[in-house]
Amino acid sequence: MTMASQDTLRPARAPAPLRRKLVPDRFLPYGMIGPAVFVAFAIAIVPLAYAFWLSLQDWYMLRRPTPVWGGLVNYRQLLQDGALWAAFGRTWIWMVGTVFVELLLALPIALLLNRESAIARSASALILLPWVTPFIVLGFGWRFLLDSDVGPIHGFLNAIGIAGDSSVLNDPVLAFTTIIFISGWKGTPFLVIALLAALKSIPEELYEAAEVDGAGPVSRFLHVTLPEIWNTIVTVGLVLGILAFYSFDLPWIMTKGGPQDATTIVGIAMYKAVFLDLRPAYAAAISIVMLVLLFLASLVVLRARRKV
Amino acid sequence: MRRYNPTREISLDLLTLVVLLLFLLPILWVFVASVRPETDITGAGLIPTRFTFEHYEAILAKRPFLIALKNSLIVGVVVAIFTTALALPAAYALSRFTFHGRNFFALLILGTQMLPSLAVLVPLVVIIRQIGLTNTLTALIFTHLALGMPIAVWMLKGYIDAIPKELEEAAQIDGCGRISAMVRIVLPLIRPAIIAVGTFAFVLSWGEYLMALALISKSDVKTLPLALQGLFDPYSFSWGQVMAGGTIIALPAILLFLIFRRQLVGGLLAGGVKG
């Protein structure tokens, strides 16, 4: 469009300018977008393709320094790897749990912040803090808060009888539950901001009409608010679910996957396969299976969107 | 809801404050612990009474921590510059030109945004190892470009879309070339967005943990998140120092984000959530 209008403008100028173009306009956009596309290729497409190739190799670094063709050997081992499937099982609980905590916290907070007061506006800025604080800080911060000697939150959990003398992070079930909660807490701000944007775009007339029809606050929420923000919930929930599925930082920093593998989600299992077991090809097969499972799950979730 | 009711508003404001305080309490506690004497952290109740900067002095006197600080700054700044330099022309091309493969390229760049680092961790680490770049900041910088570039392209495209094309056309009639029209007209108008995008890339790189953990093991190329872990590991460590180190990492991220919030939140939502 730009090029067309430029061409039609050209005859209006009396003498054609003598400026010689180094790059004709036809190639210019490719030159401009090229470097970014190159980087995207190098950090996304090439690694994905290489992961697929690698997953078909037989490469146990303690035995041989270079990969040899192994066909489906990794996938066959993967199917029989009970510990890995346990990690996959934990990852679904982790993912659903994280998104559940996020929804549970974000929905009331977003409704509370959807007002015009100065406090509500500053609060919707400050609410972002957990989202922007790096995992390493939150991980160590929570380890401090839950420490059985010095942690104030451990003291609280101890007082109400959830934690015994030792930290919740030493108990398999409690550690997993706690870290899921922390993971949800960290992701909540993103959902709050998205929900706020959706809430603010609901036309006022819908509420007025509902009020005229005699709808109370609860029924206004169920029949006006919820349908209007449903697609945001599904889409952002999916994004947050994908992030949770690919979690590594938080459980690794807080418990290194322990106690007794209780927080070993699949990301950690994959990391251990490369760096502790020295089996990069097997780890590549895990990452391919992760991609496939995630793709299938996303298709299912996207069906929950309302057709507008 | 629509009728203004002062009592209701004030009580909702109070409730907001309480919820906000509870929500941010874990982070506040990290800050508070970093300025309390070690003996108070371990034994003197929840309410801080004495303040000290001894933990900050102690970790800023540690060589490994200072080296990590320097490395994180180098990586963050270089990533910010490269991210912006790559994203700006790409965003301009996507906004102003129609060309074959435009949608494909847009999808490719945005698609990388949805790809978590963990999904490409194994192949990237193997490739980087084979070309002999483990334990270099170069490799880390390269992987960190993935963190912010796609969203940078998306955000800048939004800003460029909002600038009327006629401004550049006018400049071109006056004899400007395409590129000089972009540099002289568009660039000054989107300067705040460019700064925001660069800041964003810096912040993402500054706190990044997984790639650094996977690629770097030598102490002279460690970045801050790894150095913080180093403070933790020895047999005797100080909670105050770990929390002070955490604060040093968290504070720039939090402050820069709050300053550029207006530009960033819009881009985040558009880039991450556009269904």
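Order of the sequence lines fixes the chain letters, A, B, ..., with proteins taken first and strands second; residue numbering starts at 1 for each chain. Atom set for the values below is all heavy atoms of this structure, side chains included, hydrogens, waters and symmetry mates excluded.
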Between [X] and chain B, with a heavy-atom cut-off of 4.5 Å, which part of the residue counts as in contact: side chain, backbone, both or neither?
X         : value
Leu138(A) : side chain
Leu294(A) : neither
Trp185(A) : both
Leu238(A) : neither
Ser55(A)  : neither
Leu145(A) : side chain
Val132(A) : both
Leu113(A) : side chain

Partners meeting ring pair (Phe, Tyr, Trp, His ring centres under 6.0 Å) with Tyr271(A) (sequence neighbours left out): Phe248(A), Trp252(A), Phe275(A)
Taking a cut-off of under 4.5 angstrom between non-hydrogen atoms, the residues of residues 119-127 of chain A near chain B are Ile119(A), Ala120(A), Ala123(A), Ser124(A), Ala125(A), Leu126(A), Ile127(A)
Nearest-0.5 Å distance, [atom1] of residue [X] to [atom2] of residue [Y]:
X         : Y         : atom1 : atom2 : value
Gln229(B) : Ile253(A) : CD    : CD1   : 7.0 Å
Tyr209(B) : Ile136(A) : OH    : CD1   : 5.0 Å
Trp131(A) : Ile254(B) : CH2   : CD1   : 14.5 Å
Leu128(A) : Phe257(B) : CG    : CZ    : 5.0 Å
Asp149(A) : Ile41(B)  : CG    : CD1   : 13.0 Å
Asp249(A) : Leu210(B) : CG    : CG    : 6.0 Å

Between [options], which shows the greatest number of heavy-atom pairs under 4.5 Å with chain A?
options                                    : value
Pro225(B), Ala253(B), Ala91(B)             : Pro225(B)
Leu226(B), Val120(B), Thr247(B), Leu224(B) : Val120(B)
Val126(B), Ile109(B), Leu124(B)            : Val126(B)
Leu213(B), Ile249(B), Val153(B)            : Leu213(B)
Pro150(B), Ala119(B), Ala146(B)            : Ala119(B)
Leu88(B), Thr83(B), Leu258(B)              : Leu258(B)

Closest heavy-atom pair and its distance - [X], [Y]:
X         : Y         : value
Ala90(B)  : Ala36(A)  : CB-CB, 3.7 Å
Val122(B) : Met270(A) : CG2-CE, 3.8 Å
Ala44(A)  : Leu115(B) : CB-CD2, 3.9 Å

Is there side-chain contact between [X] and [Y], with at least one heavy-atom pair below 4.5 Å?
X         : Y         : answer
Pro116(B) : Ile242(A) : yes
Tyr246(A) : Leu121(B) : no
Met182(B) : Met32(A)  : yes
Asp147(A) : Trp239(B) : yes
Val242(B) : Phe144(A) : no

Most contacts with chain B, counted as non-hydrogen pairs under 4.5 angstrom, among Phe135(A), Trp142(A), Phe245(A): Trp142(A)
Most heavy-atom pairs under 4.5 angstrom with chain B, which of Ile286(A), Val274(A), Leu129(A), Thr133(A)? Leu129(A)
Contacts of Ser117(A) that satisfy side-chain hydrogen bond (donor to acceptor under 3.5 Å, both in side chains) - sequence neighbours left out: Asp13(B)
Sort Leu251(B) into side chain, backbone, both or neither according to what part of it lies under 4.5 angstrom from a heavy atom of chain A. neither
At a heavy-atom separation under 4.5 Å, does Ala33(B) approach chain A through its side chain, its backbone, both, or neither? side chain
Considering residues, nucleotides and ligands other than Ile45(A), do more than 12 of their heavy atoms fall under 6.0 Å from its CD1? yes
Is the ring pair Phe99(B)/Tyr30(A) parallel, tilted or perpendicular, if the boundaries are 30 and 60 degrees? perpendicular
Show which side-chain atoms of residues 16-32 of chain B pair as donor or acceptor with protein atoms under 3.5 Å away, not counting sequence neighbours.
unit_1   : atom_1 : unit_2    : atom_2 : d
Thr16(B) : OG1    : Arg115(A) : NH2    : 2.8
Thr16(B) : OG1    : Leu12(B)  : O      : 2.7

